[in-house]
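Since the structure comes first, as structure tokens, the remarks are kept for the end.
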Amino acid sequence: KTFIMASSTLLEDRRDAVRALKSLSKKYRMEVGTQAMDHLINILQTDRSDSEILGYALDTLYNIICNDEEEEQGIKPPQADDMGAHFTDKFIQDPEHVTLLLTLLEEFDFHVRWPGVKLLTALLKNQGPQVQGIILVSPMGVSRLMDLLADSREVIRNDGLLLLQQLTKGNAAIQKIVAFENAFERLLDIITEEGSSDGGIVVEDCLLLLLNLLKNNSSNQNFFKEGSYIQRMKPWFEVGDDNSGWSAQKVTNLHLMLQLVRVMVSPVNSPGATASCQKSMYLCGLLQQLCTILMATGVPADILTETINTVSEVIRGSQVNQDYFASVNAPSNPPRPAIVVLLMSMVNERQPFVLRCAVLYCFQCFLYKNQKGQGEIVATLLPSTIDANSISAGQLLCGGLFSADSLSNWCAAVALAHALQDNLTQKEQLLRVQLATSMGNPPVSLLQQCTNILSQGDKIVRRGSKVQTRVGLLMLLCTWISNCPIAVTHFLHNQENVPFLTAQISENLGEDERLVQGLCALLLGICIYYNDNSLENYTKEKLKQLIEKRIGKENFVEKLVFVAKHELYSRAAQKPQPVFPSPEQMLFDHEFTKLVKELEGVITKAVHKSSEEEKKEEEVKKTLEQHDNIVTQYKELIREQDAQIQELKEKVSSMSSQNEQLQTTVTQQLSQIQQHKDQYNILKLKLGKDNQSQSNSQGDGSQVNGLQTEELTQLREEVDQLRKQHTLLQTQLGDKDALINTLVSNCLKVCGVSVLQYVCLHYFSTLLSYLLFLTLFTITPTPCYCPFPLTSSSSSSPSSSLVQEETKRLSESRAGLEQQLASATSTVAILQTEKAKLQTEVQESKKEQDDLLMLLADQDQKIHSLKQRLKNLGETVEDEDDLDAKDQTDDDEEEEEEEEDED
């Protein structure tokens, strides 16, 4: 058949040969693949016009390369995987073969397109990275494959989904291209069309493809969020009141949908991206919908567990989401907070292990960076807030802490430790918690009860199942007293605690006990490092002496570092979610591993330090703290002065603005004066023409009747008054000119606002000059200068009336200008006062800055003396002068080398 296919010139003969090879390819896979693969590829290249032979050839190649058929029939030989990989390598040896296959996928014929999709999927399964690389560099390669999602034939569309799943595995570049080819929109549409969570296997394939596109791909995650696709996820989680009888496919679909939500808010994502997605999920109601599933009845256990984990990461570190979760109540009578209901499951040993781990993770995420929530949890333990008629979170935690179930002990201890994480206030508040004991005995503190359980005899301590309990209590105590000297004092105040810890550390025990010893060493080290020396018998020095005598420093450090080397420690440090294969391996908490990493080095250093070194270090530390306080005070002083300077600048700016307004006013007044001058000149010209006309028409100007004489006398008297006023104004103007000259000479000695005052005064001087000019013109039309006699009452009366009206109007204008002059003079005085005040404040600021420079010089001298003391103690201190000298030496050496080169 291979010979006929290769040698025949008739298309029908070749078609029959390829059909026969297809029927043989499943059973005789190796033989057909070895002898016919090259000829089949040649058929794909040469017989493009015949879709039937192309379909046979593609099916034959698929049977040769794919391993799925043999897996389904249960006859898969051991070499099947190697055979598929071998033929795949042979096919992709020439990248043009893959390009040819991509070209064939553009054919709409079902018998070509469908086997082509299956063949390319098989190639990707066997040699994914190599085939991905070829498709990535092929022009429009990914776009051709995306067109499969738009095919109206469901078989091709569904197999196209499987193809894209293989294509996008582990390749971020292809994932981005697929996402920007509108994949999100198409996939979400398919999910909706297929019935969302109630859909079939197609919905599952779409969700798997979405997970490939979004997981560990920040670019696609941001594109998904910005495209408002998070809002389209909300309808997926709408469940009814009756949730019994869920199909296996619905459980699978909903599980994948929850995983998709978790991918968007995973703790491994960047904090900013996670916070943005958390906000969107709250605003669109997705978080509320998840909480509804959380409190619903009849939900399958694995869906409930995954929903708890999803809600945990949606609220983790988001104050708004955490506050909402705290307000959620379970549909019980009476209603109980969701947190209380979840904690009841956590401390119940009959609940599934994975569910209890999920509840613990939810509680940890609720308290993560949530000091408000931490305070609310601790408050339920305080005597003043305990309600005997209801169950609180604090009561459940205490009950779990001291129950007979070691897993409940561990979970409650870790949960309580998260209520104290990085919160000094709650660590001190928890010291007030008192626990009731047997009848007739006084209550004991929670801290004392924890240490009592640790220090009990062989009945509990040596029992293997209680290693988990002791590890949990030790993690709680270490978290509680770290960075809290008051809690350290309370712990050391119990005379039995230190002997118990030293006895535990000094013994030689098994592997599990070595872990307990390491945690005891960590607890004792914290008591040293955060000790304020308030207890005379347990000061830092005495505790170190006790370690050296009873344990030995090297042995102590060896036990301490064993904790971080433990296998379960490394596993817990990888991610925040507590995931353990079995309850026995649940020993370390993620946040506690951070605390161990932070304290291990400083405790080791503190134990090895001698008392003299510690005293010197304390002295230097105190001195530096004092100097830091001084520098802080000076910084505050400088800030205050900066504020004062800023305030002065604002005042200067305000005065500059006022000055600009005054300049504008002066300009307007000058414009008005110019208008008045123009009007006066027009009237003067008009009056001259009237007088000349009267002179030509009247021949006997020597006669003046009684009425004309009275008017003339009245005008002369008014002119005399105006002359007197003019003389007075000239005297006042001289005084003002002298004052202005004095102010100008003073203002030119200063800058800033004073120069602006000079400009204002200059404009006022100009205003006065115009006023003088106007006054001189006002007194010009007097009767004594008239060259003609006034003989007619009818002719002289209108002229005299015009002169009187104009004189009256100009007198009123002059009075207004005098008032404005007085106002401007007052403004000048105010500005002069402000200038003097500013000069005084500037002098005071200069004096304060001089004092500050003197203090800083003294500070530099003290720092220099401290550095000298550190040098005397053997510490390496790089001085700025030494660095400058070193730089100068290097420069001198370079200059000498350049001179030698020039020689």
Side-chain angles (χ1 to χ4, degrees), residues 316-317 319 322 326 339 343 346-347 359-386 392-402 408-435 444-451 453-454 469-494 497 519 522-527 529-532 572 576 578 588-599 603:
R316 187 176 189 268
Q319 188 65 57
Q322 289 167 339
I339 297 174
L343 288 178
M346 186 185 75
V347 298
V359 173
L360 175 61
Y361 184 46
C362 185
F363 190 74
Q364 292 173 347
C365 292
F366 169 67
L367 297 178
Y368 182 71
K369 294 184 179 180
N370 183 9
Q371 293 195 350
K372 177 183 176 183
Q374 289 175 322
E376 292 173 352
I377 297 298
V378 173
T380 60
L381 288 165
L382 299 178
S384 58
T385 58
I386 292 178
S392 67
Q395 292 173 355
L396 290 170
L397 291 177
C398 281
L401 194 62
F402 306 122
S408 297
N409 301 153
W410 190 91
C411 291
V414 170
L416 198 54
H418 277 260
L420 306 176
Q421 195 76 37
D422 300 325
N423 196 325
L424 180 61
T425 302
Q426 302 310 322
K427 290 178 181 180
E428 295 176 356
Q429 287 292 321
L430 200 62
L431 295 172
R432 298 170 48 203
V433 176
Q434 300 290 319
L435 301 177
V444 297
S445 67
L446 178 60
L447 181 66
Q448 182 61 46
Q449 186 64 16
C450 292
T451 56
I453 295 176
L454 281 175
T469 298
R470 287 185 289 154
V471 169
L473 288 172
L474 285 168
M475 287 195 298
L476 172 60
L477 290 173
C478 290
T479 304
W480 192 346
I481 71 173
S482 64
N483 200 26
C484 184
I486 298 177
V488 171
T489 303
H490 278 71
F491 180 80
L492 294 176
H493 191 72
N494 186 348
N497 289 341
L519 293 174
L522 177 65
L523 184 60
L524 186 57
I526 293 173
C527 291
Y529 187 72
Y530 292 107
N531 196 333
D532 58 0
F588 285 104
D589 172 58
H590 178 75
E591 292 297 326
F592 180 74
T593 60
K594 294 181 181 179
L595 181 67
V596 173
K597 185 178 180 180
E598 176 186 349
L599 294 178
I603 289 175

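By the side chain to side chain donor-acceptor pair (under 3.5 Å) test, Glu376 is found to be paired with no residue, residues two or more places apart in sequence or in another chain being considered. With sequence neighbours excluded, no residue satisfies side chain to side chain donor-acceptor pair (under 3.5 Å) with Tyr530. Remark: Gln319 pairs with Asp323, Asn370 by the side chain to side chain donor-acceptor pair (under 3.5 Å) rule, at least two apart or across chains.
Within the model, atoms OG of Ser392 and CD1 of Ile339 stand 11.5 Å from one another, a figure rounded to the nearest 0.5 Å. Interatomic distance, Cys484 SG to Leu430 CG, rounded to the nearest 0.5 Å: 10.0 Å. A distance of 8.0 Å separates CD1 in Ile481 from CG in Leu447, rounded to the nearest 0.5 Å. The CD atom of Gln449 sits 6.0 Å away from the CG atom of Leu435 when rounded to the nearest 0.5 Å. Taking SG of Cys450 as the start and CG of Leu473 as the end, the distance is 5.5 Å to the nearest 0.5 Å. Expressed to the nearest 0.5 Å, how far CG of Leu382 lies from CD of Gln434 amounts to 11.0 Å.
Not a single donor-acceptor pair under 3.5 Å links the side chain of Ser408 to the backbone N or O of Gly400. Judged purely by atom type and a 3.5 angstrom limit, Gln374 uses its side chain to pair as donor or acceptor with the backbone of Gln421. No side-chain donor-acceptor contact under 3.5 Å links Lys427 to the backbone of Ile486.
Proximity of Leu446 to Phe402: side-chain heavy atoms (C-beta onward) are separated by under 4.5 Å at one or more points. Contact check for Leu381 versus Cys398: side-chain heavy atoms found under the 4.5 Å cut-off. Counting only heavy atoms from C-beta outward, the side chains of Val596 and Met475 never approach each other to under 4.5 Å. At a threshold of 4.5 Å between non-hydrogen side-chain atoms, the residues Leu474 and Leu454 count as touching. In this structure the side chain of Ile453 never reaches within 4.5 angstrom of the side chain of Leu401, judged on heavy atoms. Side-chain contact between Leu424 and Asn483 is absent, with no heavy-atom pair separated by less than 4.5 Å. The shortest distance between side-chain heavy atoms of Leu522 and Ile526 falls below 4.5 Å. Using a 4.5 Å heavy-atom cutoff, the side chains of Val378 and Asn423 are not in contact.
Below 30°, between 30° and 60°, or above 60°: for Phe366 and Phe363 the angle between ring planes is between 30° and 60°, a tilted geometry.
Ala393 approaches Leu343 most closely through the heavy-atom pair CB-CD1, 3.6 Å. Summarising the geometry of Thr479 relative to Ala417, their closest heavy-atom pair is CG2-O, 3.7 Å, with the distance given to 0.1 Å. In plain terms, the two heavy atoms of Gly317 and Gln322 that are nearest each other are N-NE2, 3.2 Å. Minimum heavy-atom separation, Gln364 to Pro576: OE1-O, 4.0 Å. When all heavy atoms of Gly525 and Ile603 are compared, the pair lying nearest together is CA-CG2, 3.6 Å. When all heavy atoms of Ala572 and His590 are compared, the closest pair comes out as O-ND1, 3.0 Å.
In the displayed structure, Tyr529 atom OH is contacted under 6.0 Å by at most 12 heavy atoms of other residues, nucleotides or ligands. Counting heavy atoms of neighbouring residues, nucleotides and ligands inside a 6.0 Å radius, atom CG of Asp422 does not exceed 12 of them.
Checking Leu477, Val471, Leu524 one by one against Leu519, the side chain to side chain contact (heavy atoms under 4.5 Å, CB included) holds for a single residue, Val471.
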